[in-house]
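Report on the following structure.
Worth saying up front: this structure is predicted, and the values here are computed from it rather than measured. First listed ligand is number 1; within each ligand, the first listed atom is number 1. FYI, side chains are in, hydrogens and waters are out, and symmetry mates aren't considered; it's all heavy atoms of this structure.
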Amino acid sequence: MSYKDIREFIKVLENKGLITHISAEVNPILEISEITDRMCKALGGGKALFFDKVKNSGFPIVTNLFGSYERMCLALEVNNLDDIAKRIVDLLNQAPPESIIEKLAFFPKLFEISKYFPKKVKKGPCQEVIEKDNPDLSKFPIIKCWPGDGQPTDEGRFITLPMVFTNDPETGRRNCGMYRIHIYDNVTTGMHWHIHKDGARHYDKYKALNKRMPAAIAVGGDPAVIYAASAPLPESVDEMLFAGFLRKESVELVKCITSDIEVPANSELVIEGYLNPGEMRLEGPFGDHTGFYSAADYYPVFHVTCITHRKDMIYPATIVGKPPMEDCYMAKATERIFLPLIQLDFPEIKDINLPIEGVFHNFAILSIKKSYPGHAKKIIHGLWGKGQMMFAKLIIVVDDDVDVHNLSYTSWRVLNNVDWKRDTVFAEGPLDDLDHSANWPRYGAKMGIDATRKSREEGMMRDWPDELFMSEKIKKLVDSRWKEYGF
Ligand SMILES: Cc1cc2nc3c(=O)[nH]c(=O)nc-3n(C[C@H](O)[C@H](O)[C@H](O)COP(=O)(O)O)c2cc1C
Ligand SMILES: [Mn+2]
């Protein structure tokens with residue numbers, strides 16, 4: 001049985017002793033952030049935290065829900081994140097077309113065969129309380145994460161685990177993305193969708209039509225829905241269909257009170273509103289995933305028309321900052337789930353590691369079955385052309401006998417195998433909005449390293465040496481005499 005909402009997930013965490021209740025009163029301004037950060041840095045991601053009593057608020061806050069491998073697996077109801085990849089491979093095998101090319105064309109439709117289309121319902125717990133006349137964001141326990149957030153203009157409160165729903169004005173297609181929400185005042189917020197993201201594409205279209213854009217921000221829901229908002233799906237894949245596939249049950253959606261946008265009926269809180277085409281305002285600064293503040297920049301403005309919530313709303317939040325943080329485990333889920341989808345384009349890829357220090361996209365290590373000269377470089381360039389992999393600042397490709405999750409072994413192989421001039425490639429292109437290293441925002445250099453064994457055709461004039469391995473005969477001998485040596 002899939003979780004209906006965040007409450008059922010919290011109950012499971014409680015039964016397993018994976019969540020701690022804090023009954024002392026805590027301040028949503030910075031205090032919760034510091035407590036959560038310490039918990040995230042505890043061995044293996046510590047526990048989830050439930051703050052029963054939040055200063056100046058009648059609602060509790062929950063943080064670090066997904067912040068360990070165990071909790072991330074529980075959230076998606078699997079023993080192992082690779083189990084989801086296996087289900088995707090099964091789906092691909094059910095796909096009617098035979099050839100890889102046809103399968104590629106099939107990707108946008110892939111999750112449709114799972115038949116977990118979102119279901120429309122008339123009523124949902126997220127609308128137990130409707131505040132239409134005087135919606136007021138100050139009633140909710142929205143946190144401030146880092147001292148410089150929002151400085152110097154405002155208090156720096158941000159909704160950090162939101163699901164932003166918009167519709168494409170041309171196709172009607174839905175999008176749901178996790179974009180942080182900067183609170184400006186009781187009825188106004190920022191809308192921090194980077195220009196590369198699907199929400200921004202929808203906004204561009206409304207702008208071209210010079211039409212007001214309806215949008216809704218949902219907070220809290222079943223964990224698969226929350227995770228799906230962060231998943232780097234192609235624009236044509238509905239995150240709610242994908243969430244239905246993950247939870248093996250359709251997501252129930254309810255129509256907003258003041259617009260046609262549909263939101264998960266089992267959310268905790270929904271903020272309805274609109275964006276005016278072209279209206280921009282300084283958003284940020286915000287202590288970000290990178291471990292640095294992302295600088296204030298101009299983003300669209302969101303106006304609140306209505307707030308609906310559960311009577312006893314539970315407010316989930318995440319703290320991002322220097323890794324390891326909760327979102328690193330969401331990134332690890334993405335790494336596992338998207339491997340079979342990357343393999344659709346590149347079947348020669350055996351495995352991928354996005355080390356958490358790279359914060360989702362800065363660093364990707366791939367192992368490949370190399371078949372021809374320049375193969376690794378082709379993979380590097382190919383990945384830079386694929387969805388959000390375009391943000392990868394460093395891609396390292398190794399041979400398929402390297403376990404890319406063993407960073408010590410991988411580093412040793414890379415450092416020995418690489419001639420830096422021959423084996424590095426540089427490219428210029430789009431960078432993630434949060435990157436602060438390049439001379440300009442959103443544009444700069446990326447590096448690829450081919451750390452595979454080199455052949456003559458690749459310019460290597462010498463024979464590649466063999467790696468050291470002891471003979472099986474001697475290993476067996478030492479095994480059998482181990483006790484005799486006195487160990
Ligand atoms: C906790 C968290 C916060 C995020 N904040 C933002 C953000 O403020 N802006 C943004 O563009 N992407 C943000 N992302 C990344 C997007 O959610 C991600 O790129 C997603 O694929 C976007 O959805 P889309 O592909 O439908 O645009 C965040 C991710 C996480 C896990
Ligand atoms: Mn999307």
Side-chain angles (χ1 to χ4, degrees), residues 33 36 40 63-67 72 75 107-108 111 143 145 149 158-168 171 173-183 189-204 215 217-220 223 225-243 283-291 293-297 299-300 302 316-321 323-335 337-338 341 354 356 359-362 386-392 430-435 441-442:
S33 180
T36 304
C40 293
T63 64
N64 206 22
L65 279 173
F66 302 113
M72 194 67 235
F107 178 27
F111 296 101
I143 58 172
C145 301
D149 287 359
F158 285 78
I159 301 175
T160 55
L161 206 62
M163 298 171 273
V164 176
F165 288 83
T166 55
N167 290 338
D168 183 316
T171 62
R173 213 179 259 152
R174 176 188 11 260
N175 191 67
C176 169
M178 185 169 285
Y179 317 119
R180 73 177 184 226
I181 301 296
H182 187 168
I183 308 297
T189 79
M191 186 51 80
H192 188 251
W193 44 50
H194 301 156
I195 58 171
H196 313 105
K197 306 296 172 74
D198 296 344
R201 285 296 73 66
H202 289 184
Y203 182 71
D204 291 345
I217 303 158
V219 184
V225 170
I226 299 175
Y227 164 73
S230 79
L233 292 162
E235 200 176 334
S236 49
V237 178
D238 179 2
E239 282 82 3
M240 294 303 104
L241 170 62
F242 178 62
E283 197 274 358
F286 178 69
D288 231 308
H289 309 272
T290 55
Y293 286 101
S294 49
D297 199 355
Y299 276 86
F302 178 78
T318 189
I319 314 297
V320 298
M325 282 307 217
E326 179 177 15
D327 58 339
C328 298
Y329 298 93
M330 297 168 83
K332 280 289 157 188
T334 294
E335 171 201 290
I337 293 170
F338 281 75
L341 300 171
L354 305 172
I356 59 170
V359 200
F360 285 80
H361 55 261
N362 279 343
K386 282 278 146 194
Q388 293 187 38
M389 280 305 288
M390 69 174 156
F391 300 133
L431 289 183
D432 186 75
D433 210 299
L434 302 184
D435 183 86
R442 300 178 277 273

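With hydrogens and angles left out, the side-chain atoms of H289 and D327 include a donor and acceptor closer than 3.5 Å.
Remark: minimum distance from atom 4 (C) of ligand 1 to any protein heavy atom is reached at M178 O, 3.5 Å. Of the protein's heavy atoms, K197 NZ, 3.0 Å lies nearest to atom 12 (N) of ligand 1.
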Mind running side chain to side chain contact (heavy atoms under 4.5 Å, CB included) on F338 and L354 for me, showing each step along the way? CA-CA 12 Å; F338 281 75; L354 305 172; over 6 Å; no
How far apart are the C-alpha atoms of D433 and Y299, what are their side-chain angles, what is the distance that settles it, and do they pass the side chain to side chain contact (heavy atoms under 4.5 Å, CB included) test? CA-CA 12 Å; D433 210 299; Y299 276 86; 2.9 Å; yes
Applying side chain to side chain contact (heavy atoms under 4.5 Å, CB included), run through C145 and T160 and close with a yes or a no. CA-CA 9 Å; C145 301; T160 55; 3.8 Å; yes
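Considering backbone and side-chain N/O atoms, D327 never comes within less than 3.5 Å of an N/O atom of ligand 1. Residue A231 has at least one N or O atom closer than 3.5 Å to an N or O atom of ligand 1. In terms of N/O distances under 3.5 Å, ligand 1 is approached by Q388. Between R180 and ligand 1, a contact under 3.5 Å exists for at least one N or O pair.
Taking every non-hydrogen atom of N175 and a distance limit under 4.0 Å, the qualifying atoms of ligand 1 come out as 26 (O). When each atom of ligand 1 is checked for a heavy atom of T160 under 4.0 Å away, the hits are 1 (C). Atoms of ligand 1 found under 4.0 Å from any heavy atom of C176 (numbered from 1 in listed order, with element): 26 (O). Contact atoms of ligand 1 toward A229: 17 (O), 20 (C), 23 (O) (distance under 4.0 Å to a heavy atom of the residue). Less than 4.0 angstrom separates some heavy atom of G177 from each of these atoms of ligand 1: 23 (O).
Of all the heavy atoms of T318, the ones lying under 4.0 Å from any atom of ligand 1 belong exclusively to the side chain.
The name of the N, O or S atom in E239 nearest to the Mn ion (ligand 2) is OE2. Among the heteroatoms counted here (N, O or S) of D198, OD2 is the one nearest to the Mn ion (ligand 2).
Of the charged side-chain nitrogens involved, at least one lies within less than 4.0 Å of a carboxylate oxygen, so that R201 and D204 count as a salt-bridged pair.
Between the choices H192, H289, E239, the shortest heavy-atom distance to atom 2 (C) of ligand 1 belongs to H289. The residue from A200, S230, G199, G190 that puts a heavy atom closest to atom 20 (C) of ligand 1 is S230. Of the options Y179, Y227, F391, the smallest heavy-atom separation from atom 27 (O) of ligand 1 is shown by Y179.
Across P323 and V359, no two heavy atoms sit closer than the pair CG-CG2, 4.3 Å. Considering every non-hydrogen atom in both G284 and R180, the closest pair reads CA-NH2, 4.4 Å.
From L241, atom CG reaches atom CG of L233 across 9.5 Å, with rounding to the nearest 0.5 Å. Atom CE of M191 sits about 4.0 Å away from atom CD1 of I181, to the nearest 0.5 Å.
With hydrogens and angles ignored, the 3.5 Å screen pairs no side-chain donor or acceptor of S230 with any backbone N or O of I226.
F286 has its ring centre less than 6.0 Å from the ring centre of F158.
Among the atoms of E235, no N, O or S atom falls under 2.8 Å of the Mn ion (ligand 2).
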